[in-house]
Amino acid sequence: QEQLAESGGGLVQAGGSLRLSCAASGRTFTSYHMAWFRQGPGKERDFVGAISSTGAYTVYGSSVKGRFTISRDKDKNTVYLQMNSLEPADTAVYYCAAGGTWGTQLHHYNLWGQGTQVTVSS
C-alpha cells in the first residue's frame with residue numbers, strides 16, 4: 001500500500017528553523033512529483049512548494065519563497081522541506097503529497113500524508 005509519512009514538526013520560536021521529512025513507502029516514487037501544502041487554523045490548504053520527479057525543478061508559494069527549500073533523496077524515497085526564518089504566520093499542519101501531474105493545485109496530487117504540526121511562537 002502506498003503511503004506518505006511526514007515527520008519533523010514541532011514548536012519553534014520565530015526566526016528559527018525546522019526540517020520536515022516525508023517518507024514514501026509501498027512503491028518507488030521516483031516518477032512522481034512531490035509537494036508540500038499547509039493548512040492553518042480556520043484556513044484553506046495552501047500550496048507551499050513542489051519538486052519535480054527528477055528533482056530538476058522546484059516551485060514555491062510566494063509567502064515562503066526565499067525561506068523554504070524542497071529537496072528529495074531518491075535512494076531514501078524521502079522528500080524534505082527545510083524551513084528557515086520561520087514566522088508565526090507559518091503555523092499550520094504541513095502535508096506531503098505525491099502526484100503524476102506537475103502543478104501547484106490540490107487536484108494535481110492524489111496521494112497525501114497525514115500531516116505534521118508546525119507551531120511558530122512569537
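Computation of the quantities below employed the complete heavy-atom set of this structure, encompassing side-chain atoms and omitting hydrogens, waters and symmetry-equivalent molecules.
Under a hydrophobic clustering in which Ile, Leu, Val, Met, Phe, Trp and Tyr are joined whenever their side-chain heavy atoms come within less than 4.5 Å, directly or via other members, Val93 and Leu106 fall into the same cluster. No continuous path of ILVMFWY side-chain contacts below 4.5 Å connects Tyr80 to Tyr94, so the two sit in separate hydrophobic clusters. The hydrophobic clustering, which links ILVMFWY residues whose side-chain heavy atoms are closer than 4.5 Å, places Phe68 and Tyr95 apart.
At least one side-chain heavy atom of Gln117 sits less than 4.5 Å from a side-chain heavy atom of Thr91. Put simply, the side chain of Leu20 reaches to within 4.5 Å of the side chain of Met83, judged on heavy atoms. Contact annotation: the side chain of Met34 approaches that of Leu4 to within less than 4.5 Å [non-hydrogen atoms, C-beta and beyond]. Residues Tyr57 and Val59 form no side-chain contact, since every pair of their non-hydrogen atoms from C-beta on lies 4.5 Å or further apart.
Trp36 CH2 to Ile51 CD1: the interatomic distance, rounded to the nearest 0.5 Å, is 12.0 Å. Note that the NE2 atom of His33 and the OG atom of Ser53 stand 5.0 Å from one another [nearest 0.5 Å]. Rounding to the nearest 0.5 Å gives a distance of 12.0 Å between CD of Glu87 and OG of Ser122.
Counting non-hydrogen atoms of neighbouring residues, nucleotides and ligands closer than 6.0 angstrom, the CD atom of Gln82 exceeds 12 such neighbours.
Screening residues 89-115 for salt bridge (charged side-chain N to carboxylate O under 4.0 Å, His left out) gives Arg38-Asp90, Arg67-Asp90 as the qualifying pairs, with residues at least two apart or on separate chains.
Nearest heavy atom pair, residue Leu86 against residue Leu18, reads CD1-N, 3.9 Å. The two residues Asn84 and Ser17 make their nearest non-hydrogen contact at OD1-OG, 3.0 Å.
Here Phe37 pairs with Phe47, Tyr109, Trp112 under the ring-ring contact (aromatic ring centres under 6.0 Å, His included) rule; sequence neighbours left out. With sequence neighbours left out, Phe29 forms a ring-ring contact (aromatic ring centres under 6.0 Å, His included) with Tyr32.
Of the possible donor and acceptor atoms, one in the side chain of Glu6 sits under 3.5 Å from a partner among the backbone N and O of Gln114. Here the side chain of Arg72 pairs a donor or acceptor atom with the backbone of Ser52 at under 3.5 angstrom.
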